[in-house]
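To start, the structure under review is shown below, and the notes come after it.
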Amino acid sequence: MPLPELQAIRQAKADQLRAMGIDPYPSRARRSHTSDEALKRYAALEPTLGQAGEDPEAITVVGRIVGFRDQGKTVFAHLRDGHGQLQLFVRREALGEDAHAAFRKLYDLGDFAQATGHLFRTRAGEVTLRVVEVRMLAKALNAPPEKWHGLTDVETRYRRRYADLLASADVRRVFEIRARTVSALRRFLDGRGYLEVETPVLQPLYGGAAARPFTTHHNALDQTFYLRIADELYLKRLVAGGYERVYEISKDFRNEGIDRNHSPEFTMLEFYEAYADYTTMMESVETMVAQVATEVLGAPRIPFRGEGVDVSPPWPRRTLRDAIREASGVDYVEHPDQAGLLAAARAAGADVPADTVWARIVDELLKQFVRPNLIAPTFLTDYPVALSPLAKRKADDPTHVERFQPFLGGGEIGNAFTELNDPLDQLARFRDQQRDREAGDEDAMPIDADFVNALMYGMPPTGGVGLGIDRLVMLFTDQDSIRDVVLFPALRNLPPEADPVVALVSGIDLPDDPAPPGGDGA
RNA sequence: GGGCCGCUAGCUCAAUUGGCAGAGCAGCUGACUCUUAAUCAGCUGGUUGAAGGUUCGAGUCCUUCGCGGCUCACCA
């Protein structure tokens with residue numbers, strides 16, 4: 001048998017259609033109404049219709065067959081399109097005996113079909129199409145997942161997202177919200193005069209974040225390239241070049257662990273504004289998130305764990321130092337050396353390895369004591385300079401930089417600062433990074449001489465923000481895992497011999513000399 | 001990478017202390033003129049993730065491997 005049983009049965013039905021002169025994969029479809037347009041049409045028409053309650057005019061709809069209830073002379077089916085679904089009422093006397101028999105025997109759940117007929121309301125009250133003509137648009141060989149439970153195995157859902165999507169309206173909704181969120185962010189920035197730009201994904205030198213890159217190779221140039229870990233340094237070059245407001249929505253890549261909050265490729269929004277500083281950018285962020293939430297979700301409120309969290313501006317602002325001090329009792333400013341801070345952190349109950357560097361201990365205090373409680377939107381501001389090699393120092397406190405991170409739902413959704421535009425300070429910070437790098441810190445940034453050169457031409461005072469789009473979408477859709485807001489999350493390859501899809505497809509025997517499309521078997 | 005848990009029919013799930021691998025959905029055959037998780041009768045469908053081992057006998061116990069989830073470490 002060329003196909004497993006279930007697929008072979010459907011393939012045989014396709015062949016029967018061909019034998020009847022019907023192409024099971026026609027090139028064109030016709031539709032006069034989407035499902036929601038049909039429902040609206042009937043709602044508007046119903047009061048004017050007589051006793052019969054039937055639309056005298058025929059309409060044509062298309063979609064996938066998602067329900068099929070055969071009662072002999074009558075078949076009820078549901079056709080789902082991108083806008084909803086519509087019930088079909090398929091009667092023998094309306095369709096003719098042969099067409100009716102063909103519909104009953106040769107159409108299956110999952111097939112795409114086109115139906116023409118008249119709208120009416122059934123006794124059970126559902127607006128339904130009384131079908132006078134039906135046509136196959138695409139025969140499905142695989143049966144759809146179980147109609148009530150859908151796909152529950154998360155691995156299968158991620159590997160075969162198409163099956164997940166066709167089985168689950170909830171999953172489809174998540175990615176619709178994602179798309180609308182990205183488009184609302186664009187609208188917000190476009191409306192404020194930002195220019196959307198595209199900077200290199202393949203970079204000869206990576207930078208702009210503390211992370212390990214993916215490395216690749218260009219054959220013709222015989223040169224190593226890195227997949228970008230951030231857009232920051234390129235976008236600031238553009239500000240130095242004279243654009244006052246730029247943004248990019250980019251896939252960034254970090255060669256690090258994968259977990260609920262981390263994907264090796266993820267989507268980041270970065271935007272930079274000349275003559276702004278980090279306080280301006282805080283206003284932009286809180287306004288943007290609230291406005292986008294209103295546009296996408298209907299209110300400035302995210303559905304956090306079923307509870308909901310208000311994201312209306314203004315968001316409270318607290319310095320990192322105060323937040324840590326209040327939550328843990330540790331004032332890191334009083335412990336400028338590693339040993340002292342380590343002892344204080346441990347005394348406060350933090351779990352910190354003995355060899356943790358000073359800046360990382362501060363980060364641990366933030367993570368362990370502060371972050372989990374930041375459910376309502378909050379800006380933490382003013383970070384120690386050691387944590388932020390691209391941010392500008394505070395004028396009144398050179399040990400801290402003008403940086404903030406927006407927190408929401410117990411996690412950070414971004415990172416922002418008044419950008420460092422002093423070329424020599426930037427060079428010094430790069431050199432510090434270089435020293436960390438030589439000391440074995442693989443995440444430390446390499447020196448980007450060309451970026452320093454750009455700053456030497458002069459970059460205006462600038463505020464910049466990076467926002468994690470995946471995390472924002474997780475909050476907007478109340479999903480706990482980044483994999484549930486990424487359509488095709490990165491997964492380890494199955495060995496071919498263990499992959500059921502490879503087994504299915506490699507087991508298919510095709511005719512030696514396949515007939516031209518639509519011609520075989522006819 | 002470490003620890004814990006999981007993998008049974010196309011899909012969703014069962015299977016007592018180790019004792020004949022089952023059900024629902026889907027599918028096939030048939031019945032049925034307003035159903036909507038339609039219903040009714042009958043039927044098909046399995047290398048229990050893979051390979052070894054223990055045993056009279058393994059879905060179940062042991063070992064190794066594969067993939068996934070959670071978690072810790074690293075990070076946004």
Side-chain angles (χ1 to χ4, degrees), chain A residues 3-10 12-13 66-78 85 87-94 100 104-105 108-110 120-126 128 130 140-160 163-164 167 208-212 229-230 252-270 351 353 356 360 363-364 367 405-406 411-415 441-443 466-472 474 480-483 489 491-501 503-504:
Chain A
L3 285 168
E5 189 185 1
L6 293 182
Q7 285 79 3
I9 288 165
R10 285 166 173 250
K13 293 179 181 180
V66 294
F68 201 90
R69 295 177 294 281
D70 182 357
Q71 291 185 106
K73 280 189 187 171
T74 304
V75 182
F76 285 94
H78 271 100
Q85 55 181 45
Q87 182 167 256
L88 306 181
F89 181 81
V90 184
R91 286 198 118 181
R92 186 183 295 167
E93 51 260 37
H100 184 259
R104 290 179 66 196
K105 293 295 163 196
D108 287 301
L109 288 177
F120 74 110
R121 194 180 282 281
T122 62
R123 269 176 222 161
E126 181 167 348
T128 297
R130 188 187 304 273
L141 296 187
N142 284 333
E146 211 256 4
K147 67 179 169 190
W148 193 242
H149 302 92
L151 270 185
T152 61
D153 181 77
V154 292
E155 181 176 354
T156 308
R157 290 184 43 228
Y158 298 153
R159 288 192 192 278
R160 311 213 263 283
D164 188 29
R212 274 184 285 167
I229 60 174
D252 291 352
F253 307 85
R254 298 190 185 174
N255 203 342
E256 285 161 353
I258 297 177
D259 62 34
R260 268 211 320 279
N261 291 307
H262 300 268
S263 169
E265 62 179 299
F266 62 101
T267 304
M268 175 107 103
L269 163 65
E270 291 194 37
D351 178 20
T356 310
R360 294 271 319 136
D363 203 36
E364 281 303 315
K367 245 191 247 182
Q405 289 193 286
E412 54 186 84
I413 58 171
N415 190 19
D441 181 358
E442 287 184 81
D443 290 349
L467 271 190
I469 299 301
D470 310 276
R471 288 187 179 174
L472 197 62
M474 286 166 68
D480 288 331
S481 171
I482 193 170
R483 292 185 192 88
L491 292 175
R492 198 185 291 274
N493 257 341
L494 288 174
E497 68 276 11
D499 186 337
V501 173
L504 170 69

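Throughout, a chain's letter reflects where its sequence line sits, starting with A, and its residues are numbered from 1. Everything quoted here is computed from the prediction, not taken from an experiment.
- Taking atom CG of residue A/D480 and atom P of nucleotide B/G69, one finds them 14 Å apart after rounding to whole Å.
- The backbone N or O of A/E93 sits nowhere less than 3.5 Å from a side-chain atom of A/H100 that would complete a donor-acceptor pair.
- One P atom belongs to B/G3, the other to B/C65, and the distance between them is 11 Å to the nearest Å.
- Between the side chain of A/Q87 and the backbone N or O of A/H78 there is no donor-acceptor pair closer than 3.5 Å.
- Proximity of A/L494 to A/E155: side-chain heavy atoms (C-beta onward) are separated by under 4.5 Å at one or more points.
- Each of B/A76, B/G27, B/C67 was ranked by its minimum atom distance to the side chain of A/D108; first place goes to B/G27.
- In RNA chain B, the stems built from three or more successive Watson-Crick or G-U pairs (distances below 3.5 Å) are B:1-7 with B:66-72, B:10-13 with B:22-25, B:27-31 with B:39-43, B:49-53 with B:61-65.
- Here A/T267 lies out of heavy-atom contact (under 4.0 Å) with every strand.
- Between the base of B/U36 and the side chain of A/E126 there is a donor-acceptor pair shorter than 3.5 Å.
- Across the interface with RNA chain B, nearest-nucleotide mapping of A/A209 and A/K73 shows A/K73 to be the residue nearer the 5′ end.
- A donor-acceptor contact shorter than 3.5 Å links the side chain of A/R10 to the backbone of A/A140.
- A 4.5 Å side-chain heavy-atom check between A/L504 and A/N142 finds at least one atom pair inside the cut-off.
- Within the 4.0 angstrom heavy-atom criterion, base atoms lie near A/D70.
- If you measure from atom CD1 of A/I258 to atom C1' of B/C67, you get 13 Å, rounded to the nearest angstrom.
- Residue contacts for A/Y158: at a heavy-atom cut-off of 4.0 Å it reaches the sugar-phosphate backbone alone, with no base atom in range.
- Minimum atom distance to the side chain of A/R471 is reached by B/A76, of the listed B/G66, B/A76, B/G68.
- Nucleic acid contact for A/Q71: base, since at least one base atom lies under 4.0 Å from a heavy atom of the residue.
- For the pair A/T267/A/D470, a side-chain contact is recorded, criterion being any heavy-atom separation below 4.5 Å from C-beta on.
- Spacing between B/C72 and B/G45 at atom C1', rounded to whole Å, works out to 43 Å.
- Nucleic acid contact class of A/R360 (heavy atoms, under 4.0 Å, all strands): sugar-phosphate only.
- Distance noted for atom P between B/U16 and B/C7: 13 Å (whole Å).
- Contact check for A/P264 versus A/I258: side-chain heavy atoms found under the 4.5 Å cut-off.
- In this structure, A/E155 places its CD atom 6 Å from P of B/G68, rounding to the nearest Å.
- For the pair A/R123 CZ and B/A38 C1', the interatomic distance rounds to 15 Å; values are reported in whole Å.
- Among the heavy atoms of the strands, none lies under 4.0 Å from A/R212.
- Between the C1' atom of B/C72 and the CD atom of A/E256 lies a distance of 16 Å, rounded to the nearest Å.
- Contacts of A/T122 with the nucleic acid, taken as non-hydrogen atoms under 4.0 Å apart, include base atoms.
- Taking every side-chain heavy atom of A/F76 into account, B/U35 is the closest of B/U71, B/G68, B/U35.
- Here the C1' atom of nucleotide B/C28 and the CZ atom of A/R10 are 13 Å apart, to the nearest Å.
- Side-chain contact between A/P406 and A/L467 is present, with heavy atoms from C-beta onward closer than 4.5 Å.
- Using a 4.0 Å heavy-atom distance criterion, A/K13 is classed as a sugar-phosphate-only contact.
- Rounded to whole Å, the separation between the C1' atoms of B/A9 and B/G18 comes to 23 Å.
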For each nucleotide in nucleotides 45-51 of chain B, reading 5' to 3', give B when a protein heavy atom comes within less than 4.0 Å of its base, S when such contact involves only the sugar-phosphate, and - otherwise.
-------
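- A/R254 places a side-chain N or O within donor-acceptor distance of the main-chain N or O of A/I229, the cut-off being under 3.5 Å.
- Looking at A/V90 and A/R104, their side chains never come closer than 4.5 Å, going by heavy atoms from C-beta outward.
- Using C1' as the reference atom, B/C20 and B/G46 are 15 Å apart when rounded to the nearest Å.
- Nearest heavy-atom pair, A/P145 versus A/A167, reported as atom, atom and distance to 0.1 Å: CG-CB, 3.8 Å.
- For the C1' atom pair drawn from B/U44 and B/C62, the interatomic distance equals 37 Å after rounding to whole Å.
- Contact annotation for A/R69: base contact, defined as any heavy-atom pair under 4.0 Å involving a base atom.
- Under the 3.5 Å distance criterion, the side-chain polar atoms of A/D70 are left unmatched by any main-chain donor or acceptor of A/V75.
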Please produce a list of atom pairs where a protein N or O lies less than 3.5 Å from an N or O of nucleotides 8-11 of chain B.
| residue | atom | partner | partner atom | Å |
| --- | --- | --- | --- | --- |
| B/C11 | O2' | A/E146 | N | 3.0 |
| B/C11 | O2' | A/G150 | O | 3.2 |

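- Two residues are said to be in side-chain contact when any heavy atoms from C-beta on lie closer than 4.5 Å; A/E412 and A/K367 fail this criterion.
- Side-chain atoms of A/L109 and A/K147, non-hydrogen and from C-beta on, never get closer than 4.5 Å to each other.
- Distance check on atom C1': B/C5 versus B/A41 gives 43 Å, rounded to whole Å.
- Under the 3.5 Å distance criterion, the side-chain polar atoms of A/E256 are matched with a main-chain donor or acceptor of A/R212.
- Residue A/F120 is classed as a base contact, given a heavy-atom separation below 4.0 Å to a base.
- Residue-level contact check: A/A230 touches neither bases nor backbone, having no heavy atom under 4.0 Å from any strand.
- Rounded to whole Å, atom C1' of B/G27 lies 16 Å from atom CZ of A/R104.
- Within 4.0 Å of A/R483, counting heavy atoms only, lie sugar-phosphate atoms of the nucleic acid but no base atom.
- Across B/U55 and B/G22, the matching C1' atoms stand 25 Å from one another, rounded to whole Å.
- Rounded to whole angstrom, the span from the CG atom of A/N255 across to the P atom of B/A76 amounts to 14 Å.
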